[in-house]
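A short worksheet on the structure shown next.
Hydrogens, waters and symmetry mates are skipped; everything else that's a heavy atom, side chains included, is used. In the text below, chain A, chain B and the rest are named by the order of the sequence lines, each starting its count at 1.
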Protein chains: 2
Amino acid sequence: MADRKREPAARDVPSRPPTIYDVAAAAGVAASTVSRAFSRPGRVNAATAERIRQVAADLGYRMNPLASALPTGRTSLLALVVSDVTNPVYAEIIRGAEAAAAEAGLVVLLLDAHESDRRERDGLERALPIVEGVILAGTRMSDSAIRMTAKQRPTVVLNRQVADVPSLVQDNALGMRLVVRHLAEHDHRALTYVAGPEASWADGMRWRRLREAAAEAGLRVQRTGPFPPTIAGGQEAATALGPEPPTAVVAYNDQVAIGLMLALQAAGHSVPEEISVVGHDNILPAQLVTPRLTTVAAPLRVQGRDAVNAVVAARAGAPSRTGPGVPLPVRLVVRDSTARRRHPLSARPARTATTDAR
Amino acid sequence: MADRKREPAARDVPSRPPTIYDVAAAAGVAASTVSRAFSRPGRVNAATAERIRQVAADLGYRMNPLASALPTGRTSLLALVVSDVTNPVYAEIIRGAEAAAAEAGLVVLLLDAHESDRRERDGLERALPIVEGVILAGTRMSDSAIRMTAKQRPTVVLNRQVADVPSLVQDNALGMRLVVRHLAEHDHRALTYVAGPEASWADGMRWRRLREAAAEAGLRVQRTGPFPPTIAGGQEAATALGPEPPTAVVAYNDQVAIGLMLALQAAGHSVPEEISVVGHDNILPAQLVTPRLTTVAAPLRVQGRDAVNAVVAARAGAPSRTGPGVPLPVRLVVRDSTARRRHPLSARPARTATTDAR
DNA sequence: CGACCGGCGGCAAGCGGTTGCCATCTGTTG
DNA sequence: CAACAGATGGCAACCGCTTGCCGCCGGTCG
């Protein structure tokens, strides 16, 4: 490499892309001046800068991002880690993040964890040294691992709270309150939560908020799980619910809810007449299934955008409040998978009533 | 920057991550030896290498990918350009690509074009200098623009053929033949194609193959469009079909097909009794809608994987056959959105029969 | 009218690895 | 035993850009 020829682009054959040195030579200035002409507006005389820009354009000069990143550390790269690209939830977040990143002149580097802690850490470890910030969407890593990366790069975590790390979380309390109220208004007195992955913070939080809201409203709650956050997981859950499912179930997310409905229906149950099902996230298929799924909707795209903006702000030296800030508003999208509870006369004759006290 | 302090990590405070120089000093060798110990196995004595590795581990040394990329150009980054992350089709491709990339020690840099030529070119232009290869999935760029990037980096394009650029295309001819045969077997004598974006190569090809297959089978075909490749696009298409839609329609992709069904049903038509609908891609929602969508399925994930592998091979200096190679097999997933054509007695009394001759 | 100052360019030392070439050293070969 | 080849490690020149510091120059101030 040390002996690579460096002739002045003989015979017009652009053997190698031009560097600032080529531009400098052609413009009759020093390389440092060229550098400044591009990255330090105002630092060089306007006329000179213009000339340099002109020469650069003629030569087809393009700054080498690698070379400029080496001394400065600015790679213009952001890591976005998702637990499963295949989940439509992330498509929205990615879209939002991508858009905001592009606007800020950044490029996003996507890491798919495949729901695996290992893959996630490995990938992140590879990416960390070259990115300027990290967005953890639906991470399965431990709090300490997250804090570790946050120590190295501006980091924002989505839908999870980690001490000392900025985060953007949805208003789970509100969401679950809405769900419970909706269900209560439809005469439901008990509901069961179908849990997602244990490693998911959102799962824990949703379950907790659901319990609280239910207690407030005087509904009984139960929990079953954990299950994979997929349609298959939901189908699995359906069998776990047994032959006599509850009258209302709240699923960890839409995919689980959909799988659940599918399996329930396949088993001869009817939704929503016998069983009301509520999902979470409002992914596109939620409005496509029959019955259309009642679900909690969150501003996913906005969340992706805001996450990038937060990282960008931190990169620019903002203080970066570490708290969760104000949770993002959610709303309940009522569709056809929930209905008034069927009159209890016909319901579970086999179970004793003693556990119903409250 | 020139005067940044460089003390020997006094007081155990890891002020700056260790470099090969630190390792070299600690191990009593030259920096070049450290470099080789890591990147040129066998070049240094096994014992020395081991000692260096040990010292490096103790110091917590990690190679700086930026620094090593500067002289060599190996960034371990791959650009994956999709026209719309929000389309589930790409989720599968991304998943396949991500997995293969991780296996090859590469990281994927995702570019979302938002169905915009501009965004796509801009993003790619930013990314190109730092990636080692490019995968264009559903690009909207011009052939010449594609060839341009292929000239700069190993490139593979998905579902599109561009002279002199390696590509991975699905067997559209087979797919459409299957579709036509299926429809013909169900007494359909005419069908209309609902087109996707004009800039889409796949759209053009599918339409062409459909026409050919239909001609072969003696079916009449029509085309309407273009429409955006989304559910909304499909809904739009439904109104374009007018009050008396054809008995069979083949949509550019599943999203269009779904939008179409939705709108058709909303307008009081019944699918598949009145109208058979066929989609393309077999995205998840296809099996969720009612009726479940008959569609052409392609091995998306495999396609993503193979694309990465092809780029990796090219990077490693493989000759990279530039042809499209053998098209990827597809199959027709028959579900409930297609049915035997209703007996023609009741059909379109208003139209003359003269055009039916063939 | 000399000291001072701001504007503008240039110099050169990095950033952290990589690698061609060379010097040693050791074990072979004739 | 001398010539030689292979193994091994070091030197130093890059990769292309950034930036602290300095010097020069013309203008301003006291």
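- Panel note: side chain Thr72(A), backbone Arg74(A); a donor-acceptor pair is recorded below 3.5 Å.
- At a threshold of 4.0 angstrom between heavy atoms, the contacts of Arg40(B) are confined to the sugar-phosphate backbone, with no base atom among them.
- Between Arg16(B) and Thr19(B) the shortest side-chain heavy-atom distance falls below 4.5 Å.
- Side-chain rings of Tyr61(B) and Phe38(B) approach one another, their centers coming within less than 6.0 Å.
- Sorted by residue number, the list of members of residues 46-59 of chain A with any non-hydrogen atom under 4.0 Å from DNA chain D is empty.
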Distance-only donor-acceptor hits, side chain of residues 95-117 of chain A, under 3.5 Å, sequence neighbours excluded:
unit_1, atom_1, unit_2, atom_2, d
Arg95(A), NE, Asp112(B), OD2, 2.8
Arg95(A), NE, His114(B), NE2, 3.4
Arg95(A), NH2, Asp84(B), OD1, 2.5
Arg95(A), NH2, Asp112(B), OD2, 3.3
Glu98(A), OE2, Asp112(B), N, 3.2
Asp112(A), OD1, Val85(A), N, 3.4
Asp112(A), OD1, His114(A), N, 3.1
Asp112(A), OD2, His114(A), ND1, 3.2
Asp112(A), OD2, Arg95(B), NE, 2.8
Asp112(A), OD2, Arg95(B), NH2, 3.3
His114(A), ND1, Asp112(A), O, 3.4
His114(A), NE2, Arg95(B), NE, 3.4
Glu115(A), OE1, Arg140(A), NE, 2.9
Glu115(A), OE1, Arg140(A), NH2, 3.1
Glu115(A), OE2, Arg140(A), NH2, 3.3
Ser116(A), OG, Arg118(A), N, 3.3
Ser116(A), OG, Arg119(A), N, 3.0

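- Counting only heavy atoms from C-beta outward, the side chains of Thr86(B) and Glu92(A) approach each other to under 4.5 Å.
- The CD1-C1' distance, from Ile130(B) to dG16(D), rounds to 15 Å in whole Å.
- In this structure, Arg74(B) reaches neither bases nor backbone, as no heavy-atom distance under 4.0 Å exists between it and the strands shown.
- Pairs passing the salt bridge (Lys or Arg N to Asp or Glu O under 4.0 Å) check and including a residue from residues 141-162 of chain A, sequence neighbours excluded, read Asp143(A)-Arg160(A).
- If one axis is set at each end of the helix from dC1(C)-dG30(D) to dG30(C)-dC1(D) from five pairs, those axes are 40° apart, to 10°.
- In the set dC21(D), dC17(D), dG16(C), the nucleotide with an atom closest to the side chain of Arg43(A) is dC21(D).
- Under the side-chain hydrogen bond (donor to acceptor under 3.5 Å, both in side chains) criterion, the residue pairs touching residues 125-134 of chain A are Glu125(A)-Arg62(B), Glu132(A)-Arg315(A), with sequence neighbours excluded.
- Proximity of residues 31-38 of chain A to DNA chain D (heavy atom under 4.0 angstrom from any strand atom) is restricted to Ser32(A), Ser35(A), Arg36(A).
- Annotation: side-chain contact (heavy atoms from CB on, under 4.5 Å) contacts of Gln303(A) (sequence neighbours excluded): Leu158(A), Asn159(A), Leu168(A), Gln170(A), Leu300(A), Leu328(A).
- The side chain of Ala67(A) lies closest to dC17(D), out of dC11(D), dC17(D), dG17(C).
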Produce the list of close N/O pairs, under 3.5 Å, pairing protein atoms with atoms of nucleotides 26-28 of chain C; give distances to one decimal.
none

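- Just one residue in the list Leu80(B), Leu128(B), Val165(B) forms a side-chain contact (heavy atoms from CB on, under 4.5 Å) with Val134(B), and that residue is Leu128(B).
- At a cut-off of 3.5 angstrom, the base of dG16(D) holds no donor-acceptor pair with the side chain of Tyr21(A).
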Let me check something: any side-chain donor-acceptor pairs from residues 39-48 of chain A under 3.5 Å, sequence neighbours excluded? List them with distances.
unit_1, atom_1, unit_2, atom_2, d
Ser39(A), OG, Ser35(A), O, 2.8
Asn45(A), OD1, Ala47(A), N, 2.7

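- Mapping Leu70(B) and Val44(B) onto DNA chain D via the closest heavy atom, the residue that lands nearer the 5' end is Val44(B).
- Remark: Thr139(A) engages Glu120(A) in a side-chain hydrogen bond (donor to acceptor under 3.5 Å, both in side chains) (not counting sequence neighbours).
- The closest side-chain heavy-atom distance from Val308(B) to Ile135(B) is below 4.5 Å.
- Residues forming a side-chain hydrogen bond (donor to acceptor under 3.5 Å, both in side chains) with Arg305(A) (at least two apart in sequence, or on another chain): none.
- Residue Arg16(A) places at least one side-chain N or O closer than 4.0 Å to OP1 or OP2 of dG16(D).
- Taking 4.0 angstrom as the limit, Asn64(A) places none of its side-chain polar atoms (N or O) nearer than this to OP1 or OP2 of dC17(D).
- Ser83(A) pairs by the side-chain hydrogen bond (donor to acceptor under 3.5 Å, both in side chains) definition with Tyr90(A), not counting sequence neighbours.
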